[in-house]
Number of protein chains: 2
Amino acid sequence: MNLPKQTDPDATPLDEAARAAWLYYVGGKTQDQIARELGMSRQRAQRLVSRAVSEGLIHFRLEHGLSSCLAMEAALTRRYGLKVVRVAPSLGAGTDPTKSIAPIAAVEMERVLASPEPIVMAVGTGRTLRAAVEQIKTMQCERHQLVSLIGNISPDGSASFYDVIMRLADRVHAAHYPMPLPVFAGSPRERDMFHALDPMRRTMELARSANVTFVGVGQIDDTAPIRLDGFITQVELEAMRNAGAAGEIVGWIYDESGRYLNFGSNLRNAGVRVLPPEENTVVAVAAGEKKVPALRAALSGNLINGLVTDEPTAQALLDR
Amino acid sequence: MNLPKQTDPDATPLDEAARAAWLYYVGGKTQDQIARELGMSRQRAQRLVSRAVSEGLIHFRLEHGLSSCLAMEAALTRRYGLKVVRVAPSLGAGTDPTKSIAPIAAVEMERVLASPEPIVMAVGTGRTLRAAVEQIKTMQCERHQLVSLIGNISPDGSASFYDVIMRLADRVHAAHYPMPLPVFAGSPRERDMFHALDPMRRTMELARSANVTFVGVGQIDDTAPIRLDGFITQVELEAMRNAGAAGEIVGWIYDESGRYLNFGSNLRNAGVRVLPPEENTVVAVAAGEKKVPALRAALSGNLINGLVTDEPTAQALLDR
DNA sequence: CCACTACATGAGCATATGCTCAAAATGCTT
DNA sequence: AAGCATTTTGAGCATATGCTCATGTAGTGG
């Protein structure tokens, strides 16, 4: 056995965690061995490993497509004519589906960003997308441009609630264009004023020219994120539901056949809405029983031509 | 809790292993929970997880460059003017360095193969390279061409001892050109006869035109792989050592300043030797104390302009 | 149809892991 | 420099993991 090494003096705490995780997962050593090698207590080694996992320093990636998931991907492609489909294995009914689709969505985003041609990638917001971005590996993407589809000022005035674009830009080192706007303007007139600003116009134009777009999908029910996060009021939500609201993408509410409502909060939405894609690719990242109607509507209205979801959701979209 | 699911009737054993590993590593569940969810005994779940790891269905990847390794990479780049350098964290003095460099080399090869332009990748053989290829993820690389630098018939007549190119082609679905040749011909004349064959000529030409080359590096001492695998005799090895042999790349032996010996077994080598790269990239994948002199020689003779190695080896190459 | 090999299974157990808690260290404010 | 809050540390312990071994089960060749 080796003599206990002194820990490198110039190692950051994260370095130590990464090294411990490397020894544990790649080297297959026990935490006891690692502790001895690194000259620390076993508990400290244990904490470093667990920290590395929770901080995302080490990633687990399934390199084997599960045949059941592959079958669903093929079926979804056929049924809805999609360009991009990934179905993540479920983690069981009790678990937040975000946990399973985030790593898969991250791989898909990496694949897109690996393109050597300069691309414009537009992104929405939301918990799911945020989780996915956290799992993306660091890359050098100076050639690409990232643009947000949606304002980054939430109703309480704080910037960046689920600040997807900034995190993404951090990770992949690309030029990025957030929208210094409220998500919803106070009135249609106020929104028009914002839109008249020159830099805003340019950013929105960039967003509309995106080659690839990644968005979340919100359900319209009592748990509607757009309502829970305080973007629209309960009253407004009810009105939209009565008008046939079925789902929402970057705050734009559409009905069950995927047509945007020309009504209510949509008149105040200050962001860029996603239009049925032609050459470009629009990938929805969403899973969960509650989101099935919203996804079905977006798919039948061809608002999206790509999907990252999990097994139960895929199954639900295929049933019937 | 969920009712125990019946295992899918159409799931292959590997599918089950992959699913168990997904639930374990990505889902963070205990093997007990997994066993219940999948309707099997805990031991079975345990075996599935361990199988998924050993079969490489699940990969562990460090997403955080250790500062000490990054520093060495920078230093090696500066010292030897390299285009590609990766230094893997060590797994401790007792552990086979192959284990640590294989995953890093795999990432590097994936990066090269991700190129959308068609490329020609030449590969050597060896334990290390073979281990790296096993860790490469499956890809669709129909646009690329893979070519072997070295015959695939070993001295005992069996084809494919460390059949790197076939495995690689399997994984990445690219056109591939092995060399249906013995590694060493019986005599220079016999070698010339092989080389006169038309298909052989074309393959060798392809190999010489490679954009990127990945090779192992063999030491020339009592543990020389070229000797242990029975390619040359002890007597021949001694003669080469006396003539100044310092290392070997795809069976071609070079001296301490990286010049190929015009002598002995080199006169019978039927493969394509690696020449000092100009536009193209030649990456050596090798680590271990024993390989340091061979690596140093290859580096100072500019036989290679890329290196994947581990921490102690990098340190040794930088010391002095 | 039987004997044989090779591999899969579950029980039992030694060991590894991760959680909780109290003590110690660190940093920040006054 | 003292006091307070926050974080880090290791001990102890309950639980999870993985190994060994005895037994079972399928597949193969006589």
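Worth knowing before you read on, the calculation uses all heavy atoms, side chains too, and leaves out hydrogens, waters and symmetry mates. The chains referred to below are lettered A, B, ... by the order of the sequence lines, with proteins before strands, and numbering in each begins at 1.
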Whole-Å distance separating the CD1 atom of A:I34 from the C1' atom of C:dA16: 11 Å

Integer-rounded Å distance: C:dG18 C1' and A:L48 CG: 14 Å

A:Q31 CD - D:dG10 P separation (whole Å): 14 Å

CH2-NE2 distance between A:W22 and B:H64, expressed to the nearest 0.5 angstrom: 13.0 Å

Short N-O contact, B:R111 and B:E108, less than 4.0 angstrom: yes

Touch class at under 4.0 angstrom, heavy-atom based, for B:Q46 against every strand present: base

Pairwise distance CG(A:D229) to CZ(A:R127) - rounded to 0.5 angstrom: 9.5 Å

A:Y24 vs C:dT17: side-chain N/O to OP1/OP2 distance below 4.0 Å: yes

Polar side-chain contact A:Q43-D:dA11 base: donor and acceptor under 3.5 Å: yes

Phosphate contact (C:dG10 OP1 or OP2) by B:S41 side-chain N/O below 4.0 Å: yes

SB check B:R61 B:E110 (cutoff 4.0 Å): yes

Listed nucleotide nearest any side-chain atom of B:R42, set C:dG12, C:dT17, D:dG10: C:dG12

Interatomic distance where CZ belongs to A:R44 and C1' belongs to C:dA16 [whole Å]: 20 Å

Contact nearer the 5' end of DNA chain C, comparing B:R47 with A:T30: B:R47

Distance, rounded to the nearest Å, where B:D32 contributes CG and D:dA14 contributes P: 18 Å

Rounded distance in Å - CZ (B:R36) to C1' (D:dA16): 12 Å

